[in-house]
Q: 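Submitted below is the structure of interest, expressed as structure tokens.
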Amino acid sequence: MSATPWLRARVARKTMETESICRLELVADGEQPLPPFTAGAHIDLRLPGGLVRQYSLSNAPADGGRYVLGVLREPASRGGSAAVHQALAEGTVVEISPPRNHFALAQGAEQHLLLAGGIGITPLLSMAQHLAAEGQAFALHYCTRSPAQTAFASLLAAAHLAPRVHHHFDDGDAAQKLDLTALLAQPRAGVHLYVCGPRGFMDWVLAAARQAGWPEAQLHYEFFAGETVDLSDAGSFQVKLASSGRVIEVRPDQTVVQALAACGVDVPVSCEQGVCGTCLTRVLEGTPDHKDLYLTEKEQALNDQFTPCCSRARTPLLVLDL
Ligand code: FES
């Protein structure tokens with residue numbers, strides 16, 4: 001059960017940015033204005049059928065009073081992106097969470113290097129507009145399949161952004177492709193790297209940055225919801241509630257959250273895909289099998305917390321701080 005204080009918002013405009021990406025503009029439904037946000041923030045959007053999905057805000061934080069989202073219709077969607085494309089129309093009232101930011105700009109950085117892959121442009125677009133308005137140094141590299149599949153292209157062509165935007169098209173000639181090795185070759189103190197996009201793109205960029213010696217503290221990234229966790233090799237295990245000593249069996253076809261809920265123990269959830277961190281729970285004994293995209297590799301290696309919405313166990317028993 002989520003403790004999210006839901007807000008009501010109305011779809012003021014819905015347009016297609018590309019064949020498969022729609023742009024949604026949400027405004028307050030009622031007297032209360034929408035809460036302010038910072039660049040890199042996202043909201044939870046409650047969709048018909050009870051699905052909850054996270055979407056980054058793509059407009060500038062100073063552009064108050066509205067939230068602009070970009071949503072890709074994914075063929076393998078578990079229903080979230082299809083629901084946005086099909087069920088939401090101009091005038092539809094939706095429930096959203098207040099904005100949260102796990103992908104904030106580094107304070108005091110000398111320069112910001114923004115790398116977007118496809119729909120990963122959304123939080124970086126907000127950052128670019130904010131940095132341009134503040135007069136801060138940045139460059140945005142935006143990799144897409146083709147000009148036709150490049151969302152927010154006209155906004156990026158505006159005079160205040162265009163000189164800092166570099167497009168890289170998969171179907172373009174070799175000279176315009178992103179030369180990651182050259183771009184990341186010389187990490188410097190004060191230069192921060194931000195990456196958002198599909199998993200393969202992010203792994204590629206982060207691996208190149210680490211290989212070139214970029215310190216972790218200068219790497220910022222956000223994974224998307226949408227990747228379904230593969231439970232095909234899942235086995236059963238037990239979790240024990242530290243507060244009561246109660247032991248609960250987690251069957252192979254259940255998540256820990258589901259097994260706990262079946263026994264009347266509610267853990268707050270939102271994405272249920274290991275992306276948002278809402279369900280994060282402390283582990284007191286045992287070793288989790290991390291399946292999430294939320295914790296960093298270092299945090300996962302500590303094995304003292306896990307995301308019970310998708311992660312499992314490497315040991316027969318996990319003792320949870322519940
Ligand atoms: Fe989002 Fe578990 S509910 S990470």
Side-chain angles (χ1 to χ4, degrees), residues 1-7 40-47 49-57 69 71 74 76-81 83-84 94-104 119-120 122-123 196 198-199 202 220-231 234 237 239 241 248 250-284 286-314 318-322:
M1 210 95 30
S2 174
T4 302
W6 294 99
L7 311 169
H42 70 272
I43 54 165
D44 293 352
L45 173 63
R46 207 182 230 176
L47 294 163
L51 288 172
V52 175
R53 289 290 177 266
Q54 283 70 45
Y55 294 104
S56 296
L57 304 183
L69 318 180
V71 181
E74 302 192 60
S77 156
R78 293 196 308 161
S81 69
V84 170
V94 290
E95 284 188 311
I96 61 173
S97 71
R100 282 184 294 227
N101 201 340
H102 302 311
F103 190 38
I119 190 61
T122 49
C196 188
R199 184 68 195 244
M202 296 186 59
H220 310 266
Y221 45 93
E222 183 161 77
F223 288 100
F224 282 123
E227 294 194 38
T228 308
V229 175
D230 180 8
L231 294 180
F237 56 97
V239 292
L241 310 181
I248 294 169
V250 184
R251 296 192 315 259
D253 62 340
Q254 278 180 315
T255 65
V256 176
V257 165
Q258 288 165 348
L260 291 170
C263 297
V265 181
D266 285 327
V267 175
V269 292
S270 179
C271 72
E272 297 181 69
Q273 291 175 282
V275 174
C276 71
T278 304
C279 66
L280 206 60
T281 300
R282 289 217 312 137
V283 176
L284 305 176
T287 309
D289 183 7
H290 298 284
K291 304 271 189 192
D292 66 287
L293 301 170
Y294 177 76
L295 295 169
T296 63
E297 268 177 41
K298 261 191 196 157
E299 288 169 334
Q300 288 188 345
L302 292 174
N303 288 326
D304 59 353
Q305 52 184 346
F306 86 141
T307 54
C309 68
C310 62
S311 295
R312 304 189 69 80
R314 291 193 185 282
L318 292 181
V319 181
L320 306 181
D321 188 16
L322 289 174

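Ligands are counted one by one from 1 in listed order, and the atoms in each one are counted from 1 as well. Throughout, numbering of the chain's residues begins at 1 and tracks the sequence.
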Q: Just checking: C309, one of its N/O/S atoms, less than 2.8 Å away from atom 1 (Fe) of ligand 1, yes or no?
A: no

Q: Side chain or backbone of L280 under 4.0 Å from ligand 1, or both, or neither, by non-hydrogen atoms?
A: neither

Q: Taking C-beta and beyond as the side chain, do V239 and L318 meet within less than 4.5 Å on heavy atoms?
A: yes

Q: Let me check your reading of the structure: within less than 2.8 Å of atom 2 (Fe) of ligand 1, is there an N/O/S atom from C279?
A: yes

Q: Between the side chains of D292 and Q300, is a donor N or O closer than 3.5 angstrom to an acceptor N or O?
A: yes

Q: Could you check whether any side-chain heavy atom of L69 comes within less than 4.5 Å of a side-chain heavy atom of V84, counting everything from C-beta outward?
A: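 They are not in contact (no side-chain heavy atoms under 4.5 Å apart), so the answer is no.
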
Q: Would D289 and K291 pass as an ion pair if we require N to O under 4.0 Å?
A: yes

Q: Show the atoms of ligand 1 that are less than 4.0 angstrom away from any heavy atom in V275.
A: 4 (S)

Q: Check the pair L322 / L260 against side chain to side chain contact (heavy atoms under 4.5 Å, CB included), numbers first and verdict last.
A: CA-CA 10 Å; L322 289 174; L260 291 170; 3.8 Å; yes

Q: Below 4.0 angstrom from a heavy atom of G274, which ligand 1 atoms are there? Numbered from 1 as shown, please.
A: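 Once the distances to G274 are compared, the set is 4 (S).
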
Q: Which of the numbered atoms in ligand 1 are under 4.0 angstrom from any heavy atom belonging to C276?
A: 1 (Fe), 3 (S), 4 (S)

Q: For the atom pair SG (C279) and CD (Q305), what is the distance rounded to the nearest 0.5 Å?
A: 10.5 Å

Q: Under a 4.0 angstrom heavy-atom cut-off, which atoms of ligand 1 come close to G277?
A: 1 (Fe), 4 (S)

